[in-house]
Number of protein chains: 2
Amino acid sequence: MKLGEGVEAAIHCAAMLAGVDGNSTISGAAMAEAFGLSPSYLLKHLNQLTTARILESVPGPAGGYRLARPAERITLLDIVLAVEGREPAFRCGEIRQRGPVKLDASAYVQPCGINVAMLKAERAYRAALAEAKLSDIVAAYQSDADPRSIAVNCAFVERHQRPQKVQPSPAQPSKA
Amino acid sequence: MKLGEGVEAAIHCAAMLAGVDGNSTISGAAMAEAFGLSPSYLLKHLNQLTTARILESVPGPAGGYRLARPAERITLLDIVLAVEGREPAFRCGEIRQRGPVKLDASAYVQPCGINVAMLKAERAYRAALAEAKLSDIVAAYQSDADPRSIAVNCAFVERHQRPQKVQPSPAQPSKA
DNA sequence: GTGGATTTACTCGGATATATTATGTCCGAGTCTAGAGGG
DNA sequence: CCCTCTAGACTCGGACATAATATATCCGAGTAAATCCAC
């Protein structure tokens, strides 16, 4: 029951990317510097977010990452699932069937009550994360955080964001 | 974001122990056999439950484990925390302070909003687990499960439970 | 036959290997930019 | 002076080591029961 550090990094990066102008991008190296992380390792997690269609990556010089959709439509659940995987934390191994007495499969049509209870709790967890939109995180930061911190972060974004020419994915042109 | 298999084993064992008569016990080896688990490894988790005061262990021949308190007062949260540890799954590394720009500590008196959101979700998770009493699990099993499964499990308990002479911990006689 | 000391067998508990996962690092494919050369 | 071609540098992406954790195992300490012996 431990989440990897990548989750924290991914959310912070997404929050930073929510503050860029238009379709500008920020390079992974810049974000790694901003949070004191290993650049190569952060790329791994950013890549997971890109695969999950949460971020978009622009290659080449002046490239980087940007949000694939508005921050209002990105939740913490999206990010957590992208980084940690979509499988539930509790995996029922059906050990109730592993005993010495072999019973017919029809005796186990009812789902394991323990699994039901654990998955119910996990649904509550995911529901709470689904309520937390990235835009809410950013808004709360803008209103509650220390002005010095906000100034520093905005300056960092201003300094490292790089405008792009193409539009930010006009409804997936040549995907499927 | 994955729970160890020990959680599943621990809950199943606790549920089985909820079905014993009076202060009787069941040995760890018997429960390992019932669920097809490695006896030595299951002992590790049962030991965690004992340390957490959820189970009581009786050494010597005819010894074993029993619940330390009624099943109505044991929740899935108790078991999960005992096995997986009490620390929250999301650990804020305060990477917002790890950037190149060193700000005064007074700029970070406000807690990290991301941490707040993650911990809120985790509180929802734990609240749901705290609602699930072990007695509820057992009751749901008794009413919903297949009669053959119930018969087999009751027979197993009847065959492996062993009466004890001493009373089940009369308010902790010589603890502190 | 009975009481007690002793041996015995069974239990849990912790210390010790192994497998799996998470973490961290490195190198290669791709792409846009900048500059040199020719028209 | 302008256009084109080429070389370069910077980006992300995936393949490769290392560290931490979870899993599995083994051996020892402790205890209650059963046994054996003396009375």
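Naming: A, B, ... by sequence-line order, numbering from 1 per chain.
Between the C1' atom of dT21(D) and the CG atom of Leu3(A) lies a distance of 15 Å, rounded to the nearest Å. Put simply, NE2 on His45(A) is 14 Å from P on dG14(D), counting in whole angstrom units. For the pair Leu37(B) CG and dA22(D) C1', the computed distance is 15 Å after rounding to whole Å.
Judged as a side chain to side chain donor-acceptor pair (under 3.5 Å), and not counting sequence neighbours, the contacts of Gln48(A) are His45(A). Annotation: side chain to side chain donor-acceptor pair (under 3.5 Å) contacts of Thr25(A) (sequence neighbours excluded): Gln164(A). A search for side chain to side chain donor-acceptor pair (under 3.5 Å) contacts involving Tyr108(A) returns nothing, not counting sequence neighbours. With sequence neighbours left out, the side chain to side chain donor-acceptor pair (under 3.5 Å) criterion links Asp78(A) to Arg69(A), Thr75(A).
Contacts classified as side-chain hydrogen bond (donor to acceptor under 3.5 Å, both in side chains) and involving residues 126-137 of chain B (residues at least two apart or in different chains) are not found. Applying the ring-ring contact (aromatic ring centres under 6.0 Å, His included) definition to pairs two or more places apart or across chains, those involving residues 15-40 of chain A are His12(A)-Phe35(A).
No donor-acceptor pair closer than 3.5 Å links the side chain of Arg96(B) to the backbone N or O of Ser149(A).
Two end axes, each from the C1' atoms of five base pairs, can be drawn for the helix from dG1(C)-dC39(D) to dG39(C)-dC1(D); they diverge by 0°, to 10 degrees.
In the hydrophobic clustering, where aliphatic and aromatic side chains (Ile, Leu, Val, Met, Phe, Trp, Tyr) are joined below 4.5 Å either directly or transitively, Val116(B) stands alone.
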For this session: Classify every nucleotide of nucleotides 11-22 of chain C by which part a protein heavy atom approaches to under 4.0 Å, writing B for the base, S for the sugar-phosphate alone and - for neither, in 5'-to-3' order.
Result: SSSS------SS
